[in-house]
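Heads up: the structure comes next, in structure tokens.
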Amino acid sequence: MQPMYKSKLFHLTRLRLTGCYVGVMATILSLGGIAFYGMMAQAHWHALHQELESVAGTLHDGLEPNLKQPGKIEPSIQQLVPGLCLTGTTCAETKQRHVLGTVQQEGYYARFLTQSGQLVATVGYQPEQLPFIGGDNLWQTLKDPHGQRYHHISLLLKTANSQPWGYLQVGRSLKEFDNHLATTGWLLLIGLPLVMLLITGASWWLAGLAMQPVYQSYQQIQQFTADAAHELRTPLAATKATVESTLEIEPLTVAEAKSTLFTIERQNNRLIQLVQDLLLLSRMDLQVLSLKVQPVKLNTLITDVVDEFEALAIAAGLSLMTEVLSHQPVTVFGDEDQLYRLVANLVTNAIQYTCKGGKITIRLNKDEKHALLQVQDTGIGIPEAEQTRIFDRFYRVNSDRSRAQGGSGLGLAIAQAIAQTHQGYIFVQSVSGNGSIFTLQLPLLPQLRSR
């Protein structure tokens, strides 16, 4: 069988399937990556907002009752906020943790500004020359002269007598946040092509795997077409040669004309039988063959087969006999004509491949659920490598021998198709040179099981 990759049609189809798989997966992964990046950024942003809002609210509520003059930090505020560093003074780092524990982490800060934007004091990290934007903007994202981003919440502070004091800003540097997002983005940008390479390889393999049954069917159709053409060509060529040779005879006698017509009739009958067999197989494949289903006694059926083929077996120098091992009639449910043809095909096959002096035995038995019919011969046998192909259409173990006896190579294929139509199957046991045993297994009638 020709490898699939050597077929241009299937190679291009495999490429298209791979392209479709890769395109779909690339779209899904890209959208998934974008969604993941956005959701991760949103989750970090939301967590930051909650954290800053909680600290700023707590600090705001604790400071306002202790504020006396607008823009002034009283000693009580310095005691309330450890680590508070006034503008213009040098402050030592403090490790004390309380409500400002978050602010005193690296990158976090709290700033106190007057209403005009003048920096009064800071806690924690101290951004350099961070611009002031007044107004009612609760959340602000700003940049320092070095391009470093900061995000903070800005709350208006009032004194104890409700006079505007200034602003409290609690925020953090976004350097770590931006670096994390940038790293994630690069990982997605670098990882996506690598994953797509793996997906491309997997898609190529899966496309080939998915197309293999289709390709095998395509090969079988091609082989079937070639075999059918060959089988049809033989009788047509013989008919043509006979007619051409007859036309060259002058004068043509009645005996010669009859001989020519007999040859044409024989070849025509061969063509008709071949077409009928092909039509039968086609109908079975399409499951449109109408069956006359009824109880069929296999004991009577094999007796009829022996009566029909006994003369043919004797003419071939063979003995044909039966062995009924069941003490009760073996009855199945099916089409008697089709089952008869099945057994007849097995016997015909045994006669064709058994040498003179051999023996053919039709053996009938049953188990709890199945009827077992065997056709055993002492013929040439079947090599193990060919046993899986003997039910293929037009396949012959010995083509010269079967052609000489009029075989078309469809007998076993038809037998298998009939067995499958009756929910049964056929298997073969054979050793090259020591004969073969074909076993047909069919379901018994339900009411006759286990009797």
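Counting only N and O atoms by type, the side chains of Gln140 and Tyr150 include no donor and acceptor under 3.5 Å apart. Using modelled atom types and a 3.5 Å distance limit, the side chains of Glu256 and Thr253 yield a donor-acceptor pair.
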Could you give me the CA-CA distance, side-chain angles and deciding distance for Asn268 and Ile272, then say whether side-chain contact (heavy atoms from CB on, under 4.5 Å) is met?
CA-CA 6 Å; Asn268 187 58; Ile272 292 174; 3.5 Å; yes
For Tyr125 and Tyr108, what are the C-alpha separation, side-chain angles and deciding distance, and is it a ring pair (Phe, Tyr, Trp, His ring centres under 6.0 Å)?
CA-CA 6 Å; Tyr125 183 79; Tyr108 288 81; 9.7 Å; no
Between Lys359 and Asp377, does the salt bridge (Lys or Arg N to Asp or Glu O under 4.0 Å) criterion hold? Intermediate values first, please.
CA-CA 6 Å; Lys359 182 174 67 173; Asp377 63 64; over 6 Å; no
Steps toward side-chain contact (heavy atoms from CB on, under 4.5 Å) verdict (Gln374, Leu440)
CA-CA 6 Å; Gln374 292 183 329; Leu440 167 65; over 6 Å; no
Could you walk me through whether Leu412 and Leu346 pass side-chain contact (heavy atoms from CB on, under 4.5 Å), step by step?
CA-CA 7 Å; Leu412 292 180; Leu346 294 180; 3.8 Å; yes
Run the ring pair (Phe, Tyr, Trp, His ring centres under 6.0 Å) test on His11 and Trp204 for me, step by step, so that the C-alpha distance in whole Å, both residues' side-chain angles and the decisive distance to 0.1 Å come before the verdict.
CA-CA 10 Å; His11 186 70; Trp204 177 258; 5.7 Å; yes
Would Val330 and Leu372 satisfy side-chain contact (heavy atoms from CB on, under 4.5 Å), going step by step from the backbone distance to the final call?
CA-CA 9 Å; Val330 181; Leu372 301 174; over 6 Å; no
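In this structure, Glu176 places its CD atom where only 12 or fewer heavy-atom neighbours from other residues, nucleotides or ligands lie under 6.0 Å away. Heavy atoms from other residues, nucleotides or ligands lying under 6.0 Å from CH2 of Trp205 number 12 at most. Within a 6.0 Å sphere centred on CD of Glu384, heavy atoms belonging to other residues, nucleotides or ligands number 12 at most.
Closest approach of Leu318 and Gly357 over heavy atoms only: CD2-N, 4.1 Å. Leu192 and Ser30 get closest at one heavy-atom pair: CD2-OG, 3.6 Å. Scanning both residues, Arg111 and Pro127, for their nearest heavy atoms gives CD-CD, 4.5 Å. Here the closest heavy-atom approach between residue Asp367 and residue Leu444 is recorded as O-CD1, 3.6 Å. When all heavy atoms of His152 and Leu52 are compared, the closest pair comes out as CA-CD1, 4.5 Å. Residues Gly33 and Leu188 come closest through the heavy atom pair O-CD1, 3.6 Å.
Taking 4.5 Å as the limit, some side-chain heavy atom of Thr141 sits within range of a side-chain heavy atom of Leu174. With contacts defined as side-chain heavy-atom distances shorter than 4.5 Å, the pair Leu442/His370 does not qualify. Between Arg172 and Leu48, the closest side-chain pair of non-hydrogen atoms falls below 4.5 Å. Within the 4.5 Å cutoff, the side chain of Asp178 has heavy atoms near those of the Arg149 side chain. Two residues are said to be in side-chain contact when any heavy atoms from C-beta on lie closer than 4.5 Å; Tyr425 and Thr439 fail this criterion. Residues Ile437 and Val375 fail the side-chain proximity criterion, which asks for heavy atoms closer than 4.5 Å. Ile426 is listed as a side-chain neighbour of Leu342, based on a closest heavy-atom distance under 4.5 Å. Looking only at side-chain heavy atoms (C-beta outward), Ile302 and Val324 come within less than 4.5 Å of each other.
Within the 3.5 Å criterion, the main-chain N or O of Lys175 finds a donor-acceptor partner in the side chain of Asn179. His49 places no side-chain N or O within 3.5 Å of a backbone atom of Trp139 that could act as its donor or acceptor partner. Proximity of a side-chain donor or acceptor of Ser203 to a complementary backbone N or O of Thr18 within less than 3.5 Å is not detected. In terms of modelled atom types and a separation under 3.5 Å, the side chain of Ser326 and the main chain of Gln328 share a donor-acceptor contact. Side chain of Ser54 to main chain of Gln50: no donor-acceptor pair is present (N/O by atom type, distance under 3.5 Å, no hydrogens or angles). In this structure, Thr322 contributes its side chain and Ile362 its backbone to no donor-acceptor pair below 3.5 Å. His44 contributes a side-chain N or O that, together with a main-chain N or O of Met40, makes up a donor-acceptor pair within less than 3.5 Å.
For the atom pair OG1 (Thr27) and CG (Leu31), the distance works out to 6.5 Å, reported to the nearest 0.5 Å. For the atom pair CD1 (Ile380) and OG1 (Thr354), the distance works out to 8.5 Å, reported to the nearest 0.5 Å. Atom CD of Gln441 sits about 11.0 Å away from atom NZ of Lys369, to the nearest 0.5 Å. Note that the CD1 atom of Ile153 and the CD atom of Glu53 stand 5.0 Å from one another [nearest 0.5 Å]. A distance of 8.0 Å separates OG of Ser436 from CG of Asn349, quoted to the nearest 0.5 Å. To the nearest 0.5 Å, atom OG1 of residue Thr331 and atom NZ of residue Lys366 are 7.5 Å apart.
Note: Phe132 and Tyr167 meet the aromatic proximity criterion, with ring centroids under 6.0 Å apart.
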